Amino acid sequence: MSAWSQGEAESWADAMSFALVQHYGRWTVGWRWSHDEGDFDGGPVGNWCCPRDSITTPEETLARVEAALREWREWLEYLVGWFEAYPLDLSDIESQRILWERSARNLILQVVDRTGCGSGWHGHCRQVLTWFLDHWGVAPEVARGLVDEAIGGRFHSWTGPDTVAVDDVAEQLALSLQPPDGRGRADASAQDHVQRWLAVRESVPWHEIPDSGADGPVIPLRDGAVEDIRAFDGAIAPARAQGLLSALELLRADAARGARLDFTLLSSWQQHVLDTPGPPQFRNAPAFAKRSRERYGIGPDTRARFDACLAGSASSAGRPLGLTARAARACLDVCFFHPFDDGNARSAFLTLVFVLAREGIALDGVGLLRRVSFEADAPQDPLILVRYINIHLAETRRRTADSTGSASR
């Protein structure tokens, strides 16, 4: 059955998809996008599941294809009706934000209801919101970036979003929109904050920064990273916290063996962070952050330049850079190269922890390192991050020494 399903049956379904596109047009390709774990995760179609379960006799199978195609078409027409519910105009966005927000909220709820919030439902939610913005004049690539930034990893498979999350995503999406008149978002889309960061990176006096890591390894009384993940990420979603904890365990094993920091290593951790079937790939399109104030470009050499930057996180025999400066710089490299489609802030935090752990240092607190946002083109921000690392490290050493002294007395 498995061999037949993955061979002859799937080939038949693919051929049917091709025939429908040839006869009716490209809009038909969604007819197999079934609920839950069907042919494609998290879709709105209930009349088709997958070749294994949906292909039976010729008559029954063709009836299912027709019903699924009709269902998909009706859903598309239904969405257009929602898109057209309010006459939205980007040039008048300031007076219409409440309408944009209300429309986005209604669309999220419609997708929730239609998909049943099964496996991968949030992928279709992203698509519908992107279609919505595109319908009203937002360029598709820009729309995808705005939607991803607004959702920010808060929607999960098999879990319906609560009212607070839905309202916040809709609000963030509406607030991120800017009029197409050369101000705000339009300017940001023409900028590349990867290049801005690289310019700042070269200008920072890294070798002059005080280094609290020079005093050698330290093992804290409590694991600050684990405690922060359980408290902060666990409050957002238990699955999010568990993914980060799994990645943290893996990165510490990698640090113990002195692994080389590069994108491949980050991706092996990110697989746990995002709970993906395999290590996620380097993004292949521009990315956006901070409500789309920052745009991270992509080019044929972006990944190679990223790996070259991360290589500088290791200690060198030449003119060595302080450990805390190297940790801060690698963390910001991840932030501003923005290598993944999602979860880059978490990846940046794990990178910082790894660089310290590779030289035997752990912290008993990390609050300052995860609660502050940094700007790609702000020359003082790298210095601030190093200062925060030094503060946490100095406090960790002090508390560890105090405890050792008390025990000896």
Side-chain angles (χ1 to χ4, degrees), residues 88 90 93-94 97 100-101 103-104 107-108 122-155 165 168-201 263 266-267 270 273-274 280-300 302-303 305-306 309 331-349 351 372-378 381:
L88 300 175
L90 271 178
I93 184 65
E94 295 303 332
R97 287 196 192 277
W100 288 87
E101 179 181 339
S103 297
L107 286 170
I108 295 170
H122 43 82
H124 188 43
C125 186
R126 281 184 166 88
Q127 183 183 51
V128 168
L129 290 175
T130 301
W131 283 345
F132 166 61
L133 296 183
D134 181 29
H135 182 81
W136 290 113
V138 181
E141 282 192 4
V142 174
R144 279 192 292 271
L146 296 179
V147 170
D148 286 345
E149 180 69 17
I151 293 176
R154 284 175 288 185
F155 293 166
D168 188 55
V169 168
E171 180 184 18
Q172 296 303 321
L173 188 59
L175 288 173
S176 69
L177 296 170
Q178 298 292 337
D181 59 359
R183 295 182 289 115
R185 181 66 188 85
D187 284 344
S189 66
Q191 299 167 356
D192 184 354
H193 284 80
V194 174
Q195 300 303 322
R196 290 191 169 205
W197 160 242
L198 290 173
V200 168
R201 193 180 191 274
F263 174 76
L266 290 184
S267 187
Q270 201 72 352
V273 172
L274 301 179
Q281 300 298 305
F282 201 97
R283 62 182 172 86
N284 57 13
F288 300 88
K290 301 178 181 67
R291 299 186 183 178
S292 296
R293 293 193 307 273
E294 290 189 354
R295 174 189 179 273
Y296 312 109
I298 186 74
T302 303
R303 175 173 171 174
R305 297 185 73 178
F306 179 55
C309 287
C331 173
L332 296 176
D333 282 334
V334 177
C335 285
F336 303 133
F337 272 89
H338 223 72
F340 301 106
D341 290 329
D342 192 15
N344 288 283
R346 284 168 281 172
S347 181
F349 169 65
T351 298
V372 180
S373 177
F374 297 100
E375 306 291 331
D377 52 3
D381 279 6

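Every value quoted in this text rests on a predicted model; they were computed, and no experiment measured them. Count residues from 1 along the sequence.
With values rounded to the nearest 0.5 angstrom, Asp168 atom CG is found 9.0 Å from Glu101 atom CD. Here CZ of Arg303 is found 12.5 Å from CG of Asn284. Values are rounded to the nearest 0.5 Å. In this structure, CZ on Phe288 lies 10.0 Å from CG on Asp148, to the nearest 0.5 angstrom. Atoms NE2 and CD, from His122 and Gln127 in turn, are 13.5 Å apart once rounded to the nearest 0.5 Å.
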Problem set entry | Derivation of the side chain to side chain contact (heavy atoms under 4.5 Å, CB included) call for Leu332 and Arg201 | CA-CA 9 Å; Leu332 296 176; Arg201 193 180 191 274; over 6 Å; no
Problem set entry | Verdict with supporting geometry, Phe282 and Ile298, side chain to side chain contact (heavy atoms under 4.5 Å, CB included) | CA-CA 10 Å; Phe282 201 97; Ile298 186 74; 3.8 Å; yes
For this session: Could you go through the side chain to side chain contact (heavy atoms under 4.5 Å, CB included) check for Leu88 and His135 one step at a time?
Result: CA-CA 10 Å; Leu88 300 175; His135 182 81; over 6 Å; no
Problem set entry | Verdict with reasoning, Phe132 to Val138, per side chain to side chain contact (heavy atoms under 4.5 Å, CB included) | CA-CA 9 Å; Phe132 166 61; Val138 181; over 6 Å; no
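Looking at Phe337 and Phe263, their side chains never come closer than 4.5 Å, going by heavy atoms from C-beta outward. The side-chain heavy atoms of Pro339 and Asn344, taken from C-beta on, include a pair separated by under 4.5 Å. The shortest side-chain heavy-atom distance between Arg154 and Val169 falls under the 4.5 Å cut-off. Taking the side chain as every heavy atom from C-beta outward, Leu90 and Trp136 never approach each other to under 4.5 Å. You'll find the side chain of Phe340 reaches within 4.5 Å of the side chain of Leu266, heavy atoms only. Contact annotation: the side chain of Phe349 never approaches that of Val273 to less than 4.5 Å [non-hydrogen atoms, C-beta and beyond]. A heavy-atom distance below 4.5 Å is not found between the side chains of Val128 and Cys125. No side-chain heavy atom of Ser176 sits less than 4.5 Å from a side-chain heavy atom of Glu149.
Between Tyr296 and His193, the ring planes lie perpendicular to each other; the angle is over 60°, past the 30° to 60° tilted range.
Judged by distance alone, the side chain of Asp381 and the main-chain N or O of Glu375 form a donor-acceptor pair under 3.5 Å. Although no hydrogens or angles enter the test, the distance criterion places a donor-acceptor pair under 3.5 Å between the side chain of Arg97 and the main chain of Leu177. Judged by distance alone, the side chain of Thr351 and the main-chain N or O of Cys331 form no donor-acceptor pair under 3.5 Å. Between the side chain of Thr130 and the main chain of Arg126, a donor-acceptor pair closer than 3.5 Å is present. One N or O on the side chain of Glu294 and one on the backbone of Ala376 form a donor-acceptor pair closer than 3.5 Å. Checking side-chain atoms of Arg305 against main-chain N and O of Leu198 turns up no donor-acceptor pair under 3.5 Å. Put simply, the side chain of Arg283 gets close to the backbone of His338: a donor and an acceptor are under 3.5 Å apart.
Ala104 and Leu173 make their closest contact through CB-CD2, 4.1 Å (heavy atoms, listed as atom of the first residue, atom of the second, distance). Nearest heavy atom pair, residue Gln178 against residue Leu175, reads NE2-O, 4.1 Å. Residues Leu129 and Ile108 come closest through the heavy atom pair CD1-CG1, 4.0 Å. When all heavy atoms of Ser347 and Gln270 are compared, the pair lying nearest together is CB-OE1, 3.4 Å. Nearest heavy-atom pair across Asp333 and Cys309 is OD2-CB, 3.5 Å.
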